Amino acid sequence: MLRDVGPPLFDEATIHRRLGEMAAQITSDYHGQALTVLAVMNGALLFAADLLRRVTLPLQLECLRAASYHGATESSGTVEFPDGFWPELRGRHVLVVDDILDTGLTLHALSRRIRHASPASVATCVLLRKSKPRTVEVEATYVGFEIQDQFVVGYGLDFRGHYRHLPFIATLRQEVLTTSR
Ligand code: 5GP
Ligand code: MG
């Protein structure tokens, strides 16, 4: 399996160091307030787990699913929230945690949905942001790392359900991307 991936773009130590900085920033920005975190599954699972244990604020964690990729490496263009369940967000400071800002469709749709619930504030936090034009206008409040427009896996990010558990972020070798299995 490790033969499928290129050398890490960000190794475990680098990721954890950056998470420490991001958590310190979030803790300072929300000083004296309580956070409601919405972590987008499955991609943000590892990121949220490692980030949030470094945040020293009163905090509620909710996980939700957003589906915009369907097993491929290209966004489908629509975003669905298949859970049907939404936590109470009225008057809360909401922080959305997602793995990556790519087309922007997911964060855009989520932010709009959350604003309908009358929160006190909405901010967004992603581990990775691709340097490319967005399909829709959306910005992330907190960004771990900027990357080129390339397909990456690991640390929560998958290719057809695989590689999410890798403790680092890497590109997939071209043969893997083009071989269907
Ligand atoms: P969006 O295009 O809506 O900004 O991102 C949608 C979702 O596509 C992300 O949350 C992530 O799950 C997936 N995605 C986008 N770029 C990549 C990538 O480079 N690698 C992987 N594994 N997933 C990606
Ligand atoms: Mg995702």
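Atoms within a ligand are numbered from 1 in the order they appear, just like the ligands themselves. Predicted model, so just to flag it, every value in this text is computed and none were measured.
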Looking at [X], which atoms of ligand 1 are within less than 4.0 Å of one of its heavy atoms?
X      : result
Thr103 : 1 (P), 2 (O), 3 (O), 4 (O)
Lys130 : 16 (N), 17 (C), 18 (C), 19 (O)
Asp98  : 10 (O)
Gln150 : 19 (O)
Leu157 : 21 (C), 22 (N), 23 (N)

Of the listed options ([options]), which comes nearest to [atom] when hydrogens are ignored and any heavy atom counts?
atom                    : options                        : result
atom 20 (N) of ligand 1 : Thr106, Val152, Leu101, Leu127 : Val152
atom 18 (C) of ligand 1 : Tyr163, Tyr155, Phe151, Phe159 : Phe151
atom 22 (N) of ligand 1 : Val153, Asp158, Thr171, Val136 : Asp158
atom 24 (C) of ligand 1 : Asp149, Leu105, Ile100         : Ile100

Open item on the list: If you count every heavy atom of other residues, nucleotides or ligands that lies below 6.0 Å from Glu137 atom CD, does the total exceed 12?
Closed with: no

Task: Neighbour count above 12 (heavy atom, 6.0 Å) for His16 NE2 - done: yes

Open item on the list: Tell me if a side-chain donor or acceptor on Glu88 pairs with a main-chain N or O of Arg90 at a distance below 3.5 Å.
Closed with: yes

Task: Atom pair CG (Asp4) and CZ (Arg173), whose distance is rounded to the nearest 0.5 Å - done: 6.5 Å

TODO: Test Leu101 against every option in His108, Arg129, Lys132 by the side chain to side chain contact (heavy atoms under 4.5 Å, CB included) rule and name the one that passes.
DONE: Arg129

Open item on the list: Checking side chain to side chain contact (heavy atoms under 4.5 Å, CB included) between Leu127 and each of Ile147, Leu51, Leu19, which is the one that passes?
Closed with: Leu19

Open item on the list: Heavy-atom contact check, 4.0 Å cutoff: does Arg134 meet ligand 1?
Closed with: no

TODO: Answer yes or no for His108: is there a heavy-atom contact with ligand 1 below 4.0 Å?
DONE: no

Task: Structural part of Leu128 in contact with ligand 1, heavy atom criterion under 4.0 angstrom - done: neither

Task: Residue portion contacting ligand 1 (non-hydrogen atoms closer than 4.0 Å) for Asp99 - done: side chain

Open item on the list: Can a side-chain donor-acceptor contact be found between Ser131 and Gln148 if the only test is distance below 3.5 angstrom?
Closed with: no

Task: Gly104, any N or O under 3.5 Å of ligand 1 N or O - done: yes

- [ ] Give me the ring orientation class for Tyr30 and Tyr142: parallel if the planes are under 30° apart, tilted from 30 to 60°, perpendicular past 60°.
- [x] tilted

Open item on the list: Just so I know, are the side chains of Leu95 and Ile26 near enough to count as touching, which here means a heavy-atom distance under 4.5 Å?
Closed with: yes

